[in-house]
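By convention in this document, chain letters (A, B, ...) are assigned in the order of the sequence lines, proteins followed by strands, and residues within each chain are numbered from 1.
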Amino acid sequence: MLSLKFISEKPELIVSRLKIKNFDAKDLVKQLTDLDALRRKLKSELDTSQSVVNKLSREIGQYYQQGKKEDAEMARKQTATLKEDIKELAPRLGEIEENIQELLVQLPNIPHDTVPPGRAAEDNLIVREGGQMPVLNKDALPHWDLARKYDIIDFELGVKITGSGFPLYKGKGAKLQRALINLFLDTAVESGYTEVMPPIAVNEASAFGTGQLPDKEGQMYHVTADNLYLIPTAEVPLTNIFRGEILSLKDLPRMLTAYTPCFRREAGSYGKDVKGLNRLHQFDKVEIVEIQHPDRSYESLERMTRYVEKLVTRLQLPYRIILLCGGDMSFHSSKTYDFEVFSAAQNRWLEVSSVSNFESFQSHRMMLRYREVDGKLYPAHTLNGSALALPRIMAALLENNQVEDGIKIPPALVSYSGFEMIS
RNA sequence: GGAGAAAUGGCAGAGUGGUCGAAUGCGGCGGUCUUGAAAACCGUUGUUCCCUUGCGGGAACCGGGGGUUCGAAUCCCUCUUUCUCCGCCA
């Protein structure tokens, strides 16, 4: 969410910047600035009336103490009309503030200067590519066939136990998952991230803080009996650690990492996109989160991107880094890099990571601030990135490394998996 | 799930109707002292919003919401959360 003050000060800037995101903010911004002007006016009136009432009340107290009953009665009568005004104004102000809040959450984050314009995925920019494209035989199998052939992932059992999109990993498949998680966490910790194991169900305030609520409600699993949400990403609990906090300069940056299962309802998806591991309701992910000083958040974004690049490089997967265009970016992000790895048997690129700078968008929602040298409080910048999401990494690893008699495990993983080959 | 207790500033903890944004202690920050540090001493130390170019002034906040009252941290209602004991349980 953008700050109301910023919107009122720079309405044209916001409208023009949001054009990059193909978002027509004109009406919304106009409504907000109008409402803000009204809000200020009412607040002023209300404060003035309240101020007089408070003053009279203090006097009444003194009159009673001095035994001046008539003076007290007089003052008491004076408060009556003012209280009428207050009774009328206060709910109006409340309504306007609610109204403003409803509109504020509809306004997307403004993109960074370096975000290219564009409508959709075709307009994204490929920033860098790396890794070797594998050469596979014509009879190379997609990962769902490999999974069955080597008995390492059982999609049918997952359906039996839960439903589609909840795969069951077994044997070396399960071990490989664990190996990936450990590799990712260890690498993150080596790179300065503090490991955390957070709750994977969150309350409403947390889901609101990172922006899952109110608009993405249908994408989360909702535990209605307790009004909790299963996290769609560790970003939610990790960033909300700092909800309502005031950090000092020496606290910045805060760098956290966590492995969690992630849950997404993904309502409406179907077809080849959801085949095998391509899109799941439950999947594993290691996430990195940073809380950073506004002057350095873009350095962090680049550093995090290089960090994720290091991971895919270690896994020897062909990858490309994509700078999302305005139209393809998420509602909350100021700038996002996506990572895709090539899954050779499917002959397609799979998104395995998304690294974003949200600037102060989430901080405004969750009142996450830091104290600047001038002693004042400013919203901190929040960033996060997948490092990495496991299923599609698994898909690419299986497909790209298949040989005649099995699947080769990349060297970086062997010390974690304990085996060099799945056969 | 049953019974009881509680929720106050970064933390601990006073405050049961009037000058209480809130004693006191700890912590934090600044200073004195010191070669440096500690100790001691002195000072300082919440947030949001409104008005104001500035100086400054004002409103709100003692778990959330509502009520009583001229006036509420304090009284009433309600919700939530936490703790203790019992039950169940990895």
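Taking the six-membered ring for Trp and the full ring otherwise, F23(A) and F331(A) have centroids separated by 6.0 Å or more.
Looking only at side-chain heavy atoms (C-beta outward), R264(A) and F283(A) come within less than 4.5 Å of each other.
Distances shown here put a side-chain N or O of Q50(A) below 4.0 Å from the OP1 or OP2 atom of A60(B). Within the 4.0 Å cut-off from OP1 or OP2 of G58(B), not a single side-chain nitrogen or oxygen of N54(A) is found. Using a 4.0 Å cut-off, some side-chain N or O of R40(A) falls inside it from OP1 or OP2 of C51(B). Applying the 4.0 Å criterion to OP1 and OP2 of C51(B), one finds that K41(A) has every side-chain N and O outside that range.
Along RNA chain B, the nucleotide nearest K250(A) and the nucleotide nearest D47(A) are compared for position; the residue whose nucleotide lies closer to the 5' end is K250(A). Comparing K5(A) and L56(A) by the nucleotide of RNA chain B whose heavy atom lies nearest to each, the residue mapping closer to the 5' end is K5(A).
In this structure, L247(A) atom CG and C29(B) atom C1' are separated by 17 Å, rounded to whole Å. Following rounding to the nearest Å, I60(A) (CD1) and C70(B) (P) show an atom-to-atom distance of 8 Å. Atoms OH (Y63(A)) and C1' (G71(B)) sit 15 Å apart, rounded to a whole Å. E204(A) has its CD atom 17 Å from the P atom of G64(B), to the nearest Å. What separates CD1 of I86(A) from C1' of A59(B) is a distance of 10 Å, to the nearest Å. For R243(A) and G63(B), the CZ to C1' distance is 14 Å, given to the nearest whole Å. We find that CG of L89(A) is positioned 16 Å from P of A59(B), with the value rounded to whole Å. If you take NZ of K43(A) and P of A60(B), they are 8 Å apart, rounded to a whole angstrom.
When the shell of 6.0 Å around CE of M421(A) is examined, it contains more than 12 heavy atoms from other residues, nucleotides or ligands. Other residues, nucleotides and ligands contribute only 12 or fewer heavy atoms inside 6.0 Å of the CD atom of E420(A).
Separating the P atom of C86(B) from that of C77(B) is a span of 30 Å, rounded to the nearest Å. Nucleotides G21(B) and G58(B), compared at atom C1', are 15 Å apart to the nearest Å. A gap of 30 Å separates the C1' atoms of G2(B) and U8(B), to the nearest Å. C85(B) sits 28 Å from C76(B) when the P atoms are compared, rounded to a whole Å. U74(B) and G67(B) have their C1' atoms separated by 15 Å, with the value rounded to a whole Å. With both ends at atom P, the span from C26(B) to U44(B) equals 16 Å, rounded to whole Å. Going from the C1' atom of G4(B) to that of A40(B) covers 47 Å, rounded to whole Å. Between G13(B) and A3(B), the two C1' atoms lie 28 Å apart (nearest whole Å).
Closest contact between the side chain of S44(A) and the listed nucleotides C70(B), G58(B), C51(B) involves C51(B). Checking G58(B), C49(B), C70(B) against the side-chain heavy atoms of R39(A) singles out C49(B) as nearest. Comparing C50(B), U47(B), C70(B) against the side chain of Y64(A) picks out C70(B) as the nearest.
A 3.5 Å limit on both hydrogen-bonding distances identifies C86(B) as the Watson-Crick or G-U partner of G1(B). With a cut-off of 3.5 Å on both pairing distances, the Watson-Crick or G-U wobble partner of G63(B) is C79(B). Remark: C70(B) base-pairs with G18(B); criterion is Watson-Crick or G-U wobble with both hydrogen-bond distances under 3.5 Å. Across all strands shown, U32(B) pairs with A40(B); the Watson-Crick or G-U wobble distances both stay below 3.5 Å. Within the shown strands, nothing qualifies as a pairing partner of G9(B) under the Watson-Crick or G-U definition with both distances less than 3.5 Å.
With respect to the salt-bridge test (charged N to carboxylate O, under 4.0 angstrom), the residues E45(A) and K41(A) qualify. Between E290(A) and R303(A) there is a salt bridge, since at least one side-chain N of the basic residue sits less than 4.0 Å from a carboxylate O of the acidic one. A salt bridge does not link D27(A) with K30(A): none of the charged nitrogens is closer than 4.0 Å to a carboxylate oxygen.
Against RNA chain B, the stretch residues 361-381 of chain A makes heavy-atom approaches under 4.0 Å through M367(A), R369(A), R371(A), L377(A).
Among the protein residues, K83(A) comes within range of the sugar-phosphate backbone only, with heavy atoms under 4.0 Å from sugar or phosphate atoms but none that close to a base.
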Open item on the list: Assess the residue pair S356(A) and K335(A) against the criterion (side-chain hydrogen bond (donor to acceptor under 3.5 Å, both in side chains)); give the C-alpha distance rounded to whole Å, side-chain angles, the decisive distance to 0.1 Å, and a yes or no.
Closed with: CA-CA 6 Å; S356(A) 300; K335(A) 186 173 182 179; over 6 Å; no

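A cation-pi geometry, defined here as NZ or CZ lying under 6.0 Å from the six-membered ring centre and within 45° of its normal, holds between R365(A) and F208(A).
Ring geometry, F263(A) versus Y221(A): the interplanar angle exceeds 60°, so the pair is classed perpendicular (tilted spans 30 to 60°).
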